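By convention in this document, chain letters (A, B, ...) are assigned in the order of the sequence lines, proteins followed by strands, and residues within each chain are numbered from 1. Model, not experiment: these values are computed from the prediction.
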Amino acid sequence: MLNKEIAEIFNTFADVYEILIDELQENDKQISFKIRAYRQAALTLQNLSQDLKVLNTKKHLDALPGIGAAFASKIQEYINTGKIAEFEQLKTLVPPGLLDILNIPGLGPKKVKLFYTQLGITNLEQLAKAVKEGQIEQLPRMGKKSADKILEAINRFHLQPKRFLLGDAIPQIESIIEDLKSSKLIDRISYAGSARRQNVTVGDIDIICSTNNPAQVIAYFKKQPYINEIIAEGNTKISVYLQSKLQMDLRVVAPHQFGAALQYFTGSKAHNVKLRTIAKTLGYKINEYGIFKENQCVGGENEEDIYKTLKMRTPPPEIRENTGEIELAQTQNLPHLINLKNIRGDLHMHSTYSDGKQSIREMTEAAQARGYEYIAITDHSPSLHIAKGVSESALVEKKAEIDKLNNDPDIKIKILFGTEVDILADGTLDYPNKILKTFDIVIASIHSRLSQDNTQRIISAMQNPFVHIIGHPGTRMLNKRDQSPNDWSKIFTVAAQTNTILEINASPKRLDLDGNLVKEAQKYGCTFTINTDAHNIDQLDFMCYGVGQARRGYLTKADVINTYSLKQLLTKLKQSINCKA
DNA sequence: GCCGTTTTCGGCCCGACTGTTTTCAGTCG
Ligand SMILES: Nc1nc2c(ncn2[C@H]2C[C@H](O)[C@@H](COP(=O)(O)OP(=O)(O)OP(=O)(O)O)O2)c(=O)[nH]1
Ligand SMILES: [Mg+2]
Ligand SMILES: [Mg+2]
Ligand SMILES: [Zn+2]
């Protein structure tokens, strides 16, 4: 978590500088670019999958985007001494509570500073009190409306989570898009923002549409029952809170602008800034309405227009994070990413033999209906009592049932006899090897001691001669529990050496490994499988989220074993075992 | 503070909406 700590410090540097901007010696323009540099560096560190500890040299750090000599030495100072002297100094210049106030939507550095210098307000409680007592509305450029909004924003801030799971947002996005289409006012419509990029969590829902009647579209949208409250409304966009508590932005443009608007609204912000900067050096201007040369629009109906004009290929949305994709697009070196249609089977799911809700036959028929060629039924092992792990004797019965189904003429797909065997505290497995070798496929997963460094347990499991796959390697639960502080470089090294396949667990609560770690693991030569870990038939549809993470990790279908034919898959699994024997 | 078909200083994306203003600062996308 070192990376996150330092990222947080850099963000705080930026916040404090922004509050103090008028007091500083440097001129405003210069300092505001410096602030941007701190934020950019923080973003780089946040998304970095390698631990900074292993990058603790000037050379490595300097190579990171947005990190130069000055930031590198600050990072090293923190790694080596546990703090940054300049930061300790800076922190004393503003009361820490001011930074909490900055987190309230609608309040920025200027307002925070105003409340502090005029009324001595240093934390959220004092701010709420000042609003209620009518002091805030007396301040310059403030009024009753602004003051009341602050109180509402504070209440909302305390009540709801900051980010939502992608898997909770996508179904809502799809139903809203269907509703808007049904209005017959829409030309084209798409989701955008972090959801289109398949971020594991989203801060809000972003939808873009084109129409010849923007006013009618906005009027239609705002009176729909799923809307709770309107935050802002204009001629081209409307921001609302949904009944589900999520915030949503709808952007509306003319049909010939749809592509440019989609490009803008998909982001990421860092990607947009980089792209617009490149455009500028080439004599173009990009905004959400098009790409322009000398004020003449030269494209914008389709997203590709923007990139093509700059002599680039169009990068898939999932990798638009300004982490190298623009350079690949410029040199025509974008990878051909895996997609959902490439998936031929699902290798991790549960049945009523353990904690699944449906029988093996039901799971199989559902998988067959989804067009798969094979599945693996991978129930838990005995030590996981709460998940009703399968005893050794029940395994015989389970095997017989699978054999029978595989001979059933109605079942056209191959069912693999599998297990998700628990990795115990000491790194040994919950079935003895003589049992493990009877399975067609063995996933080993950790389900205990989740907050500790589990590198050694995972490595021990990978070295077991019967383990094919490591399931949900980070064991995180999004918004609930961080992933274990593992040494990923060690894990990926051993995974590549032992031919152990790493799972991208597609459950929207996990998404583990996620795109960032996948991208890193790929550099070590690792192979992957994308599995839903379904506990009922509906959850088989989680596959799309796993594919999203694989795409964020730059994977092609060759990197993912459940894009293989059954024959290729079985060969691959055998290789994985032979390598360790 | 970072960065470079500008190799080392001078740039650093571009626009919408609100509230309070009488011309725009502040915040957010
Ligand atoms: N050019 C430009 N585009 C921006 C800027 N801020 C946001 N955007 C674009 C790119 C974003 O992906 C898109 C939607 O903005 P959001 O604030 O909703 O961000 P995003 O969806 O990426 O992440 P989120 O999960 O909502 O926090 O708008 C900006 O400062 N400049
Ligand atoms: Mg968003
Ligand atoms: Mg948004
Ligand atoms: Zn499972």
Could you check how far [atom1] of [X] sits from [atom2] of [N], rounded to whole Å?
| X | N | atom1 | atom2 | value |
| --- | --- | --- | --- | --- |
| K149(A) | dT20(B) | NZ | P | 9 Å |
| M142(A) | dT18(B) | CE | P | 16 Å |
| L250(A) | dA16(B) | CG | P | 15 Å |
| D62(A) | dG4(B) | CG | C1' | 14 Å |
| E137(A) | dT21(B) | CD | C1' | 17 Å |
| Y264(A) | dC14(B) | OH | P | 14 Å |
| R276(A) | dG11(B) | CZ | C1' | 18 Å |
| K58(A) | dG1(B) | NZ | P | 14 Å |

What's the gap between [N] and [M] when it is taken at their [atom1] atoms, as a whole Å value?
| N | M | atom1 | result |
| --- | --- | --- | --- |
| dT6(B) | dG11(B) | C1' | 10 Å |
| dC13(B) | dT18(B) | C1' | 22 Å |
| dT8(B) | dG4(B) | C1' | 9 Å |
| dT21(B) | dG26(B) | C1' | 13 Å |
| dA25(B) | dT20(B) | C1' | 10 Å |
| dT22(B) | dG29(B) | C1' | 27 Å |

Just to confirm, is there a sub-4.0 Å distance from OP1 or OP2 of [N] to any side-chain nitrogen or oxygen of [X]?
| X | N | value |
| --- | --- | --- |
| T277(A) | dC13(B) | yes |
| Q40(A) | dC12(B) | no |
| K274(A) | dC12(B) | no |
| S239(A) | dC28(B) | no |

Quick check for you: among [options], whose closest atom lies nearest to any side-chain atom of [X]?
| X | options | result |
| --- | --- | --- |
| T236(A) | dG19(B), dC17(B), dG29(B) | dC17(B) |
| K237(A) | dG29(B), dC13(B), dG1(B) | dG29(B) |
| K145(A) | dG29(B), dG19(B), dG1(B) | dG19(B) |

For DNA chain B, whose closest nucleotide is more 5', that of T281(A) or that of V273(A)?
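Per heavy-atom nearest nucleotide, the more 5' residue is T281(A).
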Judged by each residue's nearest nucleotide on DNA chain B, which is more toward the 5′ side, K74(A) or K269(A)?
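Per heavy-atom nearest nucleotide, the more 5' residue is K74(A).
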Minimum side-chain heavy-atom gap [X]-[Y] below 4.5 Å:
| X | Y | answer |
| --- | --- | --- |
| N516(A) | T323(A) | no |
| V240(A) | K222(A) | no |
| S182(A) | Y220(A) | yes |
| Y116(A) | I101(A) | no |

Residue-level proximity of residues 283-302 of chain A to DNA chain B when a heavy atom falls under 4.0 Å:
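Within this stretch, K285(A), I286(A), N287(A), E288(A), Y289(A) sit under 4.0 Å of the strand.
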Which is true for [X] with a 4.0 Å heavy-atom rule: it touches a base, it touches only sugar-phosphate, or it touches nothing?
| X | answer |
| --- | --- |
| L275(A) | nothing |
| F71(A) | sugar-phosphate |
| K144(A) | sugar-phosphate |
| P65(A) | sugar-phosphate |
| E233(A) | sugar-phosphate |

Do T556(A) and D559(A) have a side chain donor and acceptor closer than 3.5 Å?
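There is such a pair between these side chains.
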Any strand: nucleotide that pairs with dT27(B) via Watson-Crick or wobble, under 3.5 Å:
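dA16(B) - that is the nucleotide pairing with dT27(B), both distances being under 3.5 Å.
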Please say which of F87(A), Y17(A), F33(A) ends up in a ring pair (Phe, Tyr, Trp, His ring centres under 6.0 Å) with Y38(A).
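One option only clears the test, and that one is Y17(A).
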Looking at [Y] and [X], is any side-chain nitrogen of the basic one under 4.0 Å from a carboxylate oxygen of the acidic one?
| X | Y | value |
| --- | --- | --- |
| E133(A) | K129(A) | yes |
| R39(A) | E18(A) | yes |
| E23(A) | K113(A) | yes |

For nucleotides 23-26 of chain B, list the nitrogen or oxygen atoms of the protein found under 3.5 Å from its nitrogen or oxygen atoms, one pair per line.
from	atom 1	to	atom 2	distance (Å)
dC24(B)	O2	R141(A)	NH2	3.4

Assess whether side chain to side chain contact (heavy atoms under 4.5 Å, CB included) is satisfied between D206(A) and R251(A), documenting all intermediate values.
CA-CA 8 Å; D206(A) 300 292; R251(A) 193 74 206 255; over 6 Å; no
For the ring pair F10(A) and F71(A), is the centre-to-centre distance below 6.0 Å?
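Yes, close enough.
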Step by step, would you call K91(A) with E88(A) a salt bridge (charged side-chain N to carboxylate O under 4.0 Å, His left out)?
CA-CA 5 Å; K91(A) 267 199 308 197; E88(A) 298 302 312; 3.6 Å; yes
